[in-house]
Amino acid sequence: MSGAVLFASADALLVVAVILPLFAVPVLFLAPSRIAERATVVVLGLSLLVALAIAGGVGRSGAAAASFIGGWRPPLGVGLRADGFSAFMLVMTAAVLLATGLFAMTTPGRSRAGGERMPPAFWMLLASVFSALNLVFLAEDLFTLYVALELLTFAAVPLVCLEGKLAQVEAALRYLLFALFGSLLYLLGVVVIYGLYGTLDIILVAREATASPGFVLALALMTAGMMAKAALFPLHLWLPPAHSGAPPAASALLSAVVIKAPIFLLVRFWLDLAPSTLAVAVAPMLAGLGAAAIVVCSLVALAQPRLKLLIAYSTAAQIGYLFLMFPLAAASSPWSALAWTGGALHLASHAFSKAAMFMAAGLIAEALGHDRIAGLSGVGRVVPVSLFAFGLGGLSLMGLPPAGGFVAKVMLLSAAVHLGAWWIAAVILLGGLLAGGYVLKVVVLALQRPAEPLVAQPVAHWREWVALALALVAVGFGFVPLEPSHFLFIGRPASWAGMVP
Amino acid sequence: MTLVLDIFTVVLVAAGLLFFIVGTVGLLRLPDPLARLHALTKADNIGLGLLVLGLVPQAVVAGGGLEAVKMVAIWLLVQLSSGAVSQLMGDVAYHAAMTADPAAPDRSAHGEEPAP
Amino acid sequence: MSAPVLFGLLGAALSAVGVYGLMVGRDALARILAFNLLGGGVFLVFGAVARRGAGAGFAADPVPQALVITGIVVAFSATALAVALLKRLAALRARPGAAPAKVAGAQAEGTKGRVQPGGDA
Amino acid sequence: MSLLLDAILALLVLAAAVRVAAGGDGFARVVAFMGVGLLLGLIWVRLAAVDVALTEVAVGSGITGLVLLQAAADAPLTREREVGLLYHLCAGMVGLVVFAALAVVVLLLPDPAPSLAPDVVRALPATDLGNPVTGVLLVFRALDTLLETMVLLVALIGVWSLSPDRHWRRAPAPLWPAPPSGALDFLARVLVPIGALVGIYMFWAGADVPGGAFQGGAVLAAMALMAMMAGLSPVPAIGGAGLRLAVLAGPFAFLGVGIAGWFLAGAFLDYPEGFEKTVIIAVEVAITVSIAVTLALLVLGPPMGRKA
Amino acid sequence: MAGLSASDLMLLAAVLVPLVLALAAIKPFVRRRVDVLLLVAPLPGLLAAVAVPLGQSVLVVPSPFRLTFALDLPGAVLLGGAALLWLAAGAYAVCYLRSDPARGAFSVWWLLTLAGSFAVFLVADVASFYLAYALVSFSAFGLATHDDTVAARRAGRVYLALTVFGEALLIAAFVMLAASVTEPNPLIRDAVAGLPASPWRGAILALLLVGFGMKMGLFPLHVWMPLAHAVAPVPGSAVLSGIVVKAGLIGLIRFLPAGTPWFDWGAGLLAAGLFTAFYGVAIGLTQRHPKRVLAYSTVSQMGVVAAVLGVGLKTGDATVPVLAAFYGFNHMLLKGAMFLTVGVAAACPRRRLVPVLVVAAVLGLSLAGLPFTGGALAKFAVKEPVGDGLAGLLLALSAVGTTVLMARYVLLLADVGAGATATGGSVAPGLRVPWAVLSAAAVGLPFALFTAVTGTSLALLFSLDTLIKGLWPVALGLGVAALIYQKPPKFVEVPAGDILVAAAPLARLYQHVRDGAVLLDTLLRRWSTAALALVLLALVLGYVMAGVAFPPHSAP
């Protein structure tokens with residue numbers, strides 16, 4: 001088969017999606033940093049095109065794209081597979097990371113207004129995060145997922161302490177150790193599964209999975225591990241200091257996409273791998289923790305003195321929403337499809353709006369020299385576009401109409417109403433209220449006239465427009481129709497479609 | 001013939017074990033690091049030598065000469081590295097003892113860190 | 001009670017000790033060591049599974065062995081990164097004028113400013 | 001009889017592990033941990049997994065121990081607030097429950113143990129490799145190994161990003177602060193060549209007998225560190241193109257071969273017909289070189305602004 | 001979008017023109033032409049209200065979203081009134097803000113609120129109604145807190161808190177409402193038609209009443225209104241009190257099931273409305289600033305409208321919503337004119353004050369239902385479905401209360417005029433002309449619409465007994481007012497947002513809850529607790545699954 005034909009089909013592109021971002025690393029290692037920076041952004045752009053091509057291929061063919069590494073079929077070899085949901089995540093991640101790359105670029109011509117150029121390490125870690133995320137969304141082998149998660153953690157942790165301050169290094173170490181604790185619990189689960197079934201391929205295991213004691217323990221360990229890495233409520237100790245300490249571009253991508261990988265895997269475990277009896281049993285517990293996350297973390301966000309910490313706690317709270325989806329999606333009824341679409345839409349609109357909010361907060365901090373919320377009054381006149389981006393992002397978090405957050409909230413609400421899960425509906429509404437609290441607290445302060453005129457450093461305008469573009473995409477999600485989207489359901493239930501003996 | 005070899009092996013291995021035990025007791029009982037170095041290097045090396053010597057005939061009988069040569073090579077390597085390393089630890093312990101003022105609590109009880 | 005089962009139980013025991021160490025460890029080095037113990041335990045269980053899977057001419061199933069080798073190298077890079085962070089933290093703390101060690105994260109004005117001794121990882 | 005030996009070995013490991021987790025002085029715990037590592041190496045031999053035994057001893061307790069010793073040598077770490085006895089009891093209880101759960105599962109593993117050994121036996125001839133573990137590592141699950149080299153590279157990038165030297169030009173701090181003494185010099189001069197030979201042999205033999213790129217690379221890294229400690233060779237500045245190419249060699253040569261495989265052999269990370277062994281060996285050379293360099297640099301730590 | 005008729009275009013223009021202007025105002029040179037912006041924006045809306053035939057609907061965005069605009073009688077009546085008030089207040093604002101540096105920002109908020117208010121009256125499907133409702137609610141915040149004083153910030157916070165709370169209730173109601181209809185975004189008509197059959201009708205009605213009641217200012221939820229109207233600049237409070245409040249009214253009109261009797265809910269709404277009517281008057285009498293008096297008068301009038309709607313709901317009479325809209329129309333113009341009068345009085349020199357007071361008195365009495373004024377028509381139109389029972393009597397008594405309140409308003413206006421230090425010849429024409437036009441329209445316009453709305457001829461109005469029924473409450477009110485203000489008793493002024501003071505313990509409770517959450521968070525973010533929590537979570541997950549997978553009796 002000639003190379004050209006190979007690349008045309010979506011199956012071939014899966015591998016390209018994983019390895020393409022890594023090509024930026026040698027350039028960054030060897031070339032001077034200005035050229036390397038541009039090359040990395042070009043690679044990010046190409047990767048977005050590849051992700052779009054994969055999504056297009058999956059959409060057109062109506063079936064999941066699959067390819068096998070080295071031609072070896074599971075159970076011996078490792079398979080990559082892109083169903084509707086993973087293609088959706090690929091495109092979302094590629095778009096957010098491209099925007100982050102553009103945001104972090106040095107203003108052509110002179111070093112960046114305010115902060116100096118991002119260190120070369122940032123770009124290498126960005127490329128590694130991108131490749132690791134793509135692999136997490138595509139890999140069908142549990143051990144490959146383990147190595148991908150580790151690659152993701154090792155690339156994300158140094159991003160937190162790029163500026164090298166004491167508190168940031170402390171936060172990075174705490175993040176690394178807790179993520180490693182989670183990963184090893186996950187690996188213990190994987191080992192038990194291999195002991196039971198002799199294979200690590202999700203689809204083959206799902207075929208043979210029965211509710212045996214070993215499988216129950218394996219699922220429990222794997223779920224706990226992913227909860228630790230997703231910073232779900234009682235385990236969110238590392239998220240606020242890490243995501244608020246990182247430089248703006250890094251905290252944008254950490255909160256928007258890195259935190260979503262373990263959640264994606266939890267959705268895959270509980271909706272693909274686990275038998276439905278177990279899923280229905282465990283889902284209320286996951287939703288309970290999600291509800292606690294929404295309430296407690298939103299309240300704590302309201303009490304934060306600094307803007308970045310407020311947004312970081314908001315991330316911890318919004319993650320709770322994604323766990324509310326499990327009992328609704330696990331119930332076998334037509335409405336669980338709507339809940340599932342709502343959850344996916346919330347995941348995507350949160351990614352874009354949170355990235356926009358962190359970038360806006362970074363620009364505000366750069367302009368004012370600090371990010372104390374009390375000192376924010378009047379910033380609306382200094383960096384109006386950033387505040388507008390922050391406001392639009394906040395709109396999506398609050399779930400108000402023009403934004404994607406609203407459509408997701410309505411989908412989850414109607415599914416909860418139909419399935420009689422009243423407490424989930426109540427928590428969703430309370431979450432919107434509390435989100436309104438902390439977003440409006442900042443926006444109203446920023447719109448007020450300052451006591452004494454603000455002295456502010458100039459901020460590169462095109463970086464403000466990057467943040468606004470992300471916020472507008474989050475608003476764009478508001479025009480998704482209020483019905484279960486069939487694209488997300490391509491390739492479900494998961495199967496290798498006869499390609500495996 | 002094999003009986004003689006077996007007896008030979010048992011006697012030598014027992015002697016080797018004896019030396020190891022002496023070395024370990026020395027490690028636990030002796031007060032300061034320099035003394036402990038003696039116990040470790042001398043007793044354990046001889047113990048290992050006897051052990052290897054005892055096992056060589058068994059190896060020759062079982063798997064031909066290569067195994068025996070490997071064991072002797074290992075013994076030589078241990079001789080080399082333990083000699084050099086004990087020299088270094090001696091330097092460090094000596095310097096630490098010199099610079100340590102009498103008031104400092106005797107930290108020699110549980111091993112010496114390479115003094116900065 | 002064959003060898004693989006014995007070592008499987010040992011792996012379980014090592015994992016339990018590693019988990020205990022991670023819970024009880026009060027400074028970063030203790031936690032890194034406990035993490036490595038837990039890793040050793042997990043790989044040992046994998047080794048026991050491999051040994052049970054012997055057959056077709058191999059004394060142990062080669063696939064888990066390969067995975068354990070990959071796991072050990074990944075665990076090493078994790079330890080190297082953690083130790084580098086740890087040394088950098090110690091260097092920053094030792095430097096005069098380093099910020100007073102406070103628990104990582106916000107001391108919201110809501111709670112009295114009770115500074116805990118060095119909130120290490 | 002051998003079960004008794006295994007039982008003693010198991011008890012030894014458990015005792016050392018408890019010593020590590022029990023607490024106390026950092027240095028003593030690291031030494032105990034290295035003990036655990038070596039004993040685990042023996043256990044891997046008892047489990048008939050010699051490749052893993054080599055890796056465990058070389059990487060798991062050797063180089064990891066070296067890195068941890070550096071950590072233990074630092075200023076005494078500030079500890080978090082004292083945790084009460086109740087917490088210790090609770091943690092102990094939870095640990096026991098975890099052990100019980102795992103033990104039950106280990107005991108209840110299915111009897112005709114499911115295994116991929118038959119599949120490996122069927123597929124190994126296609127790669128004409130003797131050692132099945134290397135076959136799995138470099139052929140059947142080549143993606144994991146490629147990722148593993150990437151993980152090492154990213155860990156190195158992470159360690160380097162911690163340095164105050166923003167442009168990564170200068171060299172890491174020397175390993176051995178004191179001027180090298182005669183004994184160390186002698187040891188290095190004798191041991192380094194032997195070690196290098198053992199490392200290369202271990203990598204070369206990996207194709208057919210237990211060994212391989214990772215174990216060989218680890219031994220080579222150890223020898224390099226020994227040479228630097230003895231002052232025989234200077235600690236390299238990380239800005240040098242040669243060093244960086246060596247670091248990049250493993251992952252990106254493997255990636256290049258993978259992509260070439262796409263065109264020549266039909267799938268990513270597949271090897272052309274008839275040339276499998278030669279290509280695999282070539283890839284292993286690149287991986288061994290970059291592992292040796294990367295492990296050594298990881299031990300040396302971030303560049304400290306000292307001119308090489 | 002193809003094949004748009006002229007009337008479709010007008011409907012679209014009514015909402016899109018102000019939105020486009022608002023977006024254009026991002027450019028500074030557009031923002032400087034404030035006068036053009038404020039005057040041009042309401043025109044399409046006025047045109048649409050007048051020219052577009054009733055029952056006309058246009059599908060703005062096709063199938064999956066089904067965003068539709070439609071014009072029905074209540075919508076047209078309110079839209080026309082609103083457009084007129086926007087025009088007058090806009091002209092007034094142009095002159096009023098001439099010296100204000102932040103007038104550009106004010107005009108942007110103004111345009112957004114305008115677009116939102118027109119959209120709320122026009123929109124016909126559930127999702128976009130929520131969008132329009134949110135737009136008008138949140139942009140009104142910008143108008144209210146324009147002066148950025150400490151009181152304005154507090155009022156703004158209270159307003160936002162209650163608005164967000166209201167939005168949450170409404171979204172819950174809309175989701176439950178839309179649940180009974182299959183397609184994703186149903187028309188309001190179809191959704192409400194499915195209401196009686198839906199299993200959650202009680203919850204839906206409760207949420208709707210509380211959500212819209214808050215915007216209209218029904219009793220416990222009215223606290224934001226006096227605060228917001230007092231701090232807003234004069235044109236702002238005219239628009240806030242006149243139009244933004246009507247978003248709640250149109251909400252109730254659209255979403256309450258006309259035609260099917262709901263005795264208990266109707267009676268509840270009636271009682272709440274009446275109580276609010278009297279409560280508004282009682283508190284209003286104690287106020288010392290005319291704008292706060294007017295704010296409480298709005299609370300009272302909205303209570304009356306709610307009572308009327310309650311009667312409609314109780315009896316299932318389908319004509320009531322239109323009459324309520326007509327009453328709202330009348331109140332909108334009168335209240336807008338009165339607020340402008342306060343501004344004019346403040347700007348007018350002492351010797352020119354008397355005519356202003358006379359106009360104020362006429363407006364006040366018209367609101368109370370003085371025969372031969374627009375107010376009488378509105379009172380009559382509303383009295384007819386209520387009938388002469390207890391409710392009718394109470395309505396009449398509320399008219400008495402309103403008269404007394406209006407008297408107080410006029411007296412306070414006199415003090416404001418006396419205190420004003422305006423020099424110069426007379427009130428600037430920019431203020432006087434729009435005020436005069438609006439006052440005339442407020443008194444006159446209802447006559448034009450009366451027949452169209454109620455279907456009865458005007459002649460009936462001038463019959464003797466309706467005159468007497470209209471006259472005696474006003475006469476009685478004037479008598480009582482004269483009696484009270486001979487020797488004005490010392491009224492202690494109830495602080496604005498009266499029961500809000502009682503809400504202080506609520507704020508303290510929130511503070512405790514928040515501190516509790518922060519403490520819990522600090523505790524949980526300690527490594528020891530988190531690590532233990534992680535392992536415990538794993539064990540609990542396993543236990544839960546084991547419980548399901550192997551029921552207890554066959555535990556392994």
Side-chain angles (χ1 to χ4, degrees), chain C residues 3 5-10 12-17 19-21 23-24 26-30 33-34 36-37 40 45 47 50-53 55-63 65-66 68-70 72-74 76-77 79-81 83-88 90 94 101 116-120, chain D residues 6 10 13-14 17-18 20-21 26 29 33 40 43-44 46-49 51-52 55-56 59-60 63-64 67 71-72 74-75 77-81 83 88 91-92 95 98-99 102-103 106 113 115-118 120-121 132-133 136-137 141 144 148 151-152 155 158-159 162 214 298 301-302:
Chain C
V5 170
L6 169 73
F7 289 127
L9 292 180
L10 175 66
L14 259 182
S15 307
V17 168
V19 162
Y20 173 77
M23 283 190 279
V24 168
R26 295 206 315 282
D27 57 74
L29 179 61
L33 285 170
N36 279 293
L37 278 184
V45 173
R51 183 74 175 87
R52 281 166 46 83
F58 295 131
D61 181 353
V63 169
Q65 291 179 40
V68 167
I69 290 174
T70 310
I72 290 173
V73 172
V74 166
F76 164 73
S77 27
T79 310
L81 188 56
V83 164
L85 282 167
L86 181 63
K87 284 162 65 76
R88 183 88 185 115
Q116 288 141 340
D120 202 0
Chain D
D6 295 344
V13 164
L14 207 52
V18 167
V20 168
R29 293 154 73 123
F33 172 74
L40 276 180
I43 288 179
W44 282 108
R46 295 296 301 159
L47 281 170
D51 290 74
V52 179
T55 314
E56 173 62 31
V59 176
I63 297 231
T64 309
V67 164
D74 262 321
L77 296 162
T78 50
R79 282 183 172 68
E80 221 170 84
R81 48 206 277 98
V83 181
H88 278 271
V98 166
F99 169 69
L102 282 172
V106 163
S115 156
L116 287 176
V120 171
V121 163
V133 174
V136 171
L137 271 175
R141 296 186 77 98
D144 289 353
E148 183 190 338
V151 161
L152 271 171
V159 166
L162 290 173
F214 298 104
L298 278 174

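Proteins get letters first, then strands, A, B, ... in listed order; numbering begins at 1 in each. Atom set for the values below is all heavy atoms of this structure, side chains included, hydrogens, waters and symmetry mates excluded.
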Region of D/R141 that comes under 4.5 Å of a non-hydrogen atom in chain C: side chain
Side chain / backbone / both / neither for D/L40 at chain C, heavy atoms under 4.5 Å: side chain
Contact class of [X] relative to chain D, heavy atoms under 4.5 angstrom:
{"X": "C/L81", "answer": "both"}
{"X": "C/A34", "answer": "neither"}
{"X": "C/A80", "answer": "both"}
{"X": "C/V68", "answer": "side chain"}
{"X": "C/R52", "answer": "both"}
{"X": "C/S15", "answer": "side chain"}

Where [X] and [Y] come nearest, the two heavy atoms and their spacing:
{"X": "C/L10", "Y": "D/A10", "answer": "CD1-O, 3.6 Å"}
{"X": "D/D6", "Y": "C/A3", "answer": "OD2-CB, 3.7 Å"}
{"X": "C/D61", "Y": "D/A117", "answer": "OD1-N, 3.7 Å"}
{"X": "C/A59", "Y": "C/R51", "answer": "O-NH1, 3.1 Å"}
{"X": "D/F99", "Y": "C/A12", "answer": "CD1-C, 3.6 Å"}
{"X": "D/A17", "Y": "C/V17", "answer": "O-CG1, 3.8 Å"}

D/T64 and C/N36 side chains, donor-acceptor separation under 3.5 Å: no
Options C/P62, C/G53, C/G21, ranked by heavy-atom pairs under 4.5 Å with chain D, top entry: C/P62
Heavy-atom pair count under 4.5 Å with chain D, highest-scoring of C/V19, C/V5, C/T79, C/L9: C/L9
Option that, when pairs with chain C are counted at under 4.5 Å, heavy atom only, ranks first among [options]:
{"options": "D/D144, D/V98, D/V13", "value": "D/V13"}
{"options": "D/L152, D/T55, D/V18, D/V59", "value": "D/T55"}
{"options": "D/L102, D/L116, D/V151", "value": "D/L116"}
{"options": "D/A103, D/G95, D/P132", "value": "D/P132"}
{"options": "D/L47, D/I43, D/V136", "value": "D/L47"}

Rounded distance [0.5 Å steps], CG in D/L137 versus CZ in D/F214: 6.0 Å
Check against side-chain contact (heavy atoms from CB on, under 4.5 Å), C/V63 and D/V120: CA-CA 8 Å; C/V63 169; D/V120 171; 3.9 Å; yes
